[in-house]
Amino acid sequence: MSTQPQPTDSASDPAPSRGADAPRSLAEALRSRDDDALAGLLRARPDLLNPVPNDLTQLATRAGTRASVVRALERLDRFAQQVVEALAVASDPTSYDEVRGLLAGDDGDAAVEAALPRALATLHEQALVWGPDDRLRLVRTARELLAPTPQHPSPTGLGPTVAEATAGMSPTRVQDIVTAAGLPTTHDPVSAVQSLTALFTDRTRMSALLDEAPAESVEVLSRLVWGPPYGQVTADPARHLRWLLDRGLLLPTAPGTVVLPREAALHLRAGRAHRTPEPVPPPVEAAREYRPQVVDAAAAGQAYTALATVEELLKDWDEGGPAVLRAGGLSVRDLKRTAVALDTSEPLAAFWVELAYAAGLLASDGEADERYAATPAYDAWQELPAAERWSALATAWLAATRTAGLVGGRDGKDRTLSALGPHLDRSTAPEVRHRVLALAATLPEGTAPVPESLLSRLRWERPSASRGSRPTAQDGAANPSDSPPPQDLRSRIAQWTLNEAELLGVTGRGAVSSHGRALLAGHDQGHGHGHGPGHNSDSEGTSTERSLAAAHATRLLAPLLPEPLDHVLLQADLTAVAPGPLERPLGDALAVLADVESKGGATVYRFTPGSVRRALDAGQSASDLHAFLAAHSRTPVPQPLAYLIDDVARKHGHLRIGAASAYVRCDDEALLNEILADKRAQSLRLRRLAPTVLAAQADPGTLLDGLRAMGFAPAAESAEGDVLITRAHAHRTPPRSAPEPVPDGPPLPGDTLIGAAVRAIRAGDLASTAPRKEAPTSTSPSDGRLPRTTAAETLATMQAAVLTGEALWIGYVNAEGTASQRVIAPVRVEGGFVTAYDHTADEVRTYPLHRVTGVAELADD
């Protein structure tokens, strides 16, 4: 790294350079761009638009801030990051040839040389690099972030230069090193350091020097060469370490700590800054090929299962689901109970719960005793055709930032992450999901990818930041730890995506289905492909694209889903078999009359006295049930089932229960005697009020349940003596909207906003850089302050400009006290106001003259 003074990136930039002169600042480099190039910068780095910069100097300053640079670096692909890392250890400014040498090495690399122009173009576009090919400059903030230090070695594994490592060394010690290396002594430390640097960068002389090294010394260098370059030595180092120290191949940086100079390391690496340059993205490999029809059929089967699972979940919560934890979310016990009800594992239960929540089908009811329940949107969703219901779920899943895979883990404060809890949003999830599926869709139809190849491609497109660790060893440097780093969040989300896409039916047998490909087409807008944010249109256009894609996916999936049936098969063992999905009215009615015994390709329902009584409690009569079964069964109604219905109906309502606290009345005295004699009735504390009436201290509901548990079939009655019909009560939340995804940084700007921002920045830059004629009493424009003239001088200059049509530079303070500089062309001056075309705002405006601080004419050129 050069020790010469570094130029500023943005602040106090000089006037634009003329001719072929290289720009002297980032602001000057941006000023030479056309509008399309500026729009590309704002599109790639949308954080620069919040708020819109006043001019190009402010834009350059913001582009060089730490937060913005870190965000931009994190969104580069692996090779672009390697180019940045090479620029950080190159001289400043550097040349294209030097960067190519650091990446391709002494032997060259055709793949690196082919990919380098694209990577540098990306860095230029994002204003991370500026200047021509012979004077390339990395923005100062990026260089500072990637500069090697003992605490944070460079990602390349390179250490400081000879000049940097010897900065605090005594002149005598420097001369001793020069002499030991076989170089002539010099008259000052600066020339001595230059001489040693020239030796280390001369391939021939450096090879001759290393040929003289003991084998143990070469072994130490080999352990440090790829980094981290720091090691520890004792106060009395071994002979082979002393040989390296004497010749400057190891330089002390602190007591007991030494470093391998950058120039020496580059020689040992054959000029490469990285052990393995990665100019080409790893390919997505095919695992297995299927016929597309097989993939679509498998995906459709999974889609049908997904719909059935979500319906079963919300049906289980139909009368009010689990309570909401005080901190938000679902308790571990309730998640386990839900998993048992869905006959699945807890992680999968968490996925289905989160999917229904993301689609707006369930939410908390907001009551004092807050519970989860289905939303009114669930009722509307149920009425849709099956393919449309699937499309709504899949679209919500693709765009959701909530990440079900995190459930059961812990956050940064060591709190357990619960399903439906407040800390499950991960803003990168939609982009990762889309990119995983888009990469899988690049393979031919019916081809399933190798999962590890997908993960490798994702890591190349958006590598996670990593820092080397400093080795510690006695009399040498230890090898860096070989333990693999913990898996990054993007890779975990990618693995969850592959599993969830299969569960949801977006993929079948690991390959993207036809309807899955159609759905992805609508999500191309607004998603990048590993090289920073993608180009997105206005949000309205994006919404239209997604709606059209969802409709196309629905049309492709609909023929693959089974048609609902209007019949069942009744069997003599008090069961009914549904050989496929049932029409909704038939399924709902059968769910009241019978209990589900097993699921699968066919659903088996079992009729029991309790299930028949449930239907009678819902207001059905025995004749209604006989007619229902006869109408919807392809087989005759078995005699045992008819007897069961008649038996339960004959007893149903024979006992009547009302409020006394509660009472039991019955015309059959013998039956009441039987109840009183039953030991199981003791908890109800019954006593006879009349031959046909018993009173209880229990409430009617408890009394009703207690007698049913004893085998009786009582019916509740109203205060007028009428039988109360108890229907299933569906608890619903108030209207709720689906949770909004948490954006990953600022929203991507549309073309309209970017175009307006470019015009505003250009206009502001014109106002701040236009050459001016100074009025005799005005402030010098070069000092950055507003012009100052008297009211009379301001009025006279304005009136003269109206006659000549010339533009003026003014200082203006608005009603809020905010000062600004503007370039205006006055059109009319009257009544204490000036009407002018404002070049800064690109529109005609009227200004009060008393708010104009001063005025100056623009220079003739």
Side-chain angles (χ1 to χ4, degrees), residues 1-6 85-95 97-103 105-106 134-138 143 146-150 153-154 156-213 217-218 220-221 224-231 241 243-254 257-274:
M1 186 182 299
S2 175
T3 56
Q4 63 184 344
Q6 298 181 6
E85 291 162 2
L87 284 163
V89 296
S91 56
D92 187 30
T94 188
S95 66
D97 290 338
E98 183 180 352
V99 176
R100 180 177 56 192
L102 286 170
L103 291 163
D106 296 343
D134 59 342
R135 293 185 64 81
L136 293 172
R137 295 186 186 275
L138 182 65
R143 181 176 289 275
L146 299 173
T149 65
S154 166
T156 62
L158 292 170
T161 62
V162 172
E164 292 167 344
T166 58
M169 191 176 293
S170 68
T172 302
R173 176 62 182 143
V174 174
Q175 294 294 345
D176 290 343
I177 292 174
V178 168
T179 302
L183 300 173
T185 58
T186 63
H187 61 281
D188 65 281
V190 175
S191 58
V193 169
Q194 292 173 348
S195 177
L196 191 61
T197 301
L199 169 64
F200 289 170
T201 54
D202 188 317
R203 294 288 187 262
T204 303
R205 290 195 295 158
M206 187 63 171
S207 297
L209 176 63
L210 291 175
D211 288 342
E212 303 171 2
S217 301
V218 175
V220 170
L221 294 179
L224 294 171
V225 63
W226 290 108
Y230 295 91
L241 291 174
W243 191 93
L244 295 172
L245 290 165
D246 288 345
R247 288 155 182 78
L249 293 170
L250 289 181
L251 293 172
T253 60
T257 302
V258 294
V259 67
L260 175 65
R262 185 182 308 168
E263 294 86 353
L266 285 172
H267 173 83
L268 295 168
R269 297 179 178 195
R272 287 186 184 273
H274 299 87

Notebook entry, point to check: Checking side chain to side chain donor-acceptor pair (under 3.5 Å) for the pair Thr156/Ser154: CA distance, chi angles, key distance, verdict?
Noted result: CA-CA 5 Å; Thr156 62; Ser154 166; 2.7 Å; yes
Would you give the length of the straight line joining atom [atom1] of [X] to atom [atom2] of [Y], rounded to the nearest 0.5 angstrom?
X	Y	atom1	atom2	answer
Asp176	Ser170	CG	OG	7.5 Å
Leu250	Leu260	CG	CG	6.5 Å
Leu87	Arg137	CG	CZ	12.0 Å
Ile177	Thr172	CD1	OG1	11.5 Å

Where is the tightest heavy-atom contact between [X] and [Y], given as atom of each residue plus distance?
X	Y	result
Gly248	Pro261	O-CG, 3.4 Å
Ala181	Leu199	CB-CD2, 3.9 Å
Leu245	Arg173	O-NH2, 3.0 Å
Pro189	Pro171	CG-CB, 3.6 Å
Arg247	Phe200	O-CZ, 3.6 Å
Arg143	Ser91	NH2-O, 3.9 Å

Is a donor on one side and an acceptor on the other found under 3.5 Å between the side chain of [X] and the backbone of [Y]?
X	Y	result
Gln175	Thr186	yes
Ser95	Glu98	yes
Arg262	Pro160	no
Ser207	Arg203	yes

Quick one: are [X] and [Y] in side-chain contact, heavy atoms under 4.5 Å?
X	Y	value
Val220	Leu249	no
Trp226	Arg269	yes
Gln194	Val190	yes
Val218	Leu210	no
Thr94	Leu102	no
Leu183	Arg205	yes
Val258	Leu224	no
Thr253	Glu164	no

Next item on the list: Evaluate the side-chain contact (heavy atoms from CB on, under 4.5 Å) criterion for residues Leu138 and Asp92: first the C-alpha distance (whole Å), next the side-chain angles of each, then the deciding distance (0.1 Å), finally the verdict.
Entry: CA-CA 8 Å; Leu138 182 65; Asp92 187 30; over 6 Å; no
Check: Out of Val225, Asp106, Thr201, Leu158, which residue meets the side chain to side chain contact (heavy atoms under 4.5 Å, CB included) rule with Leu266?
Finding: Leu158
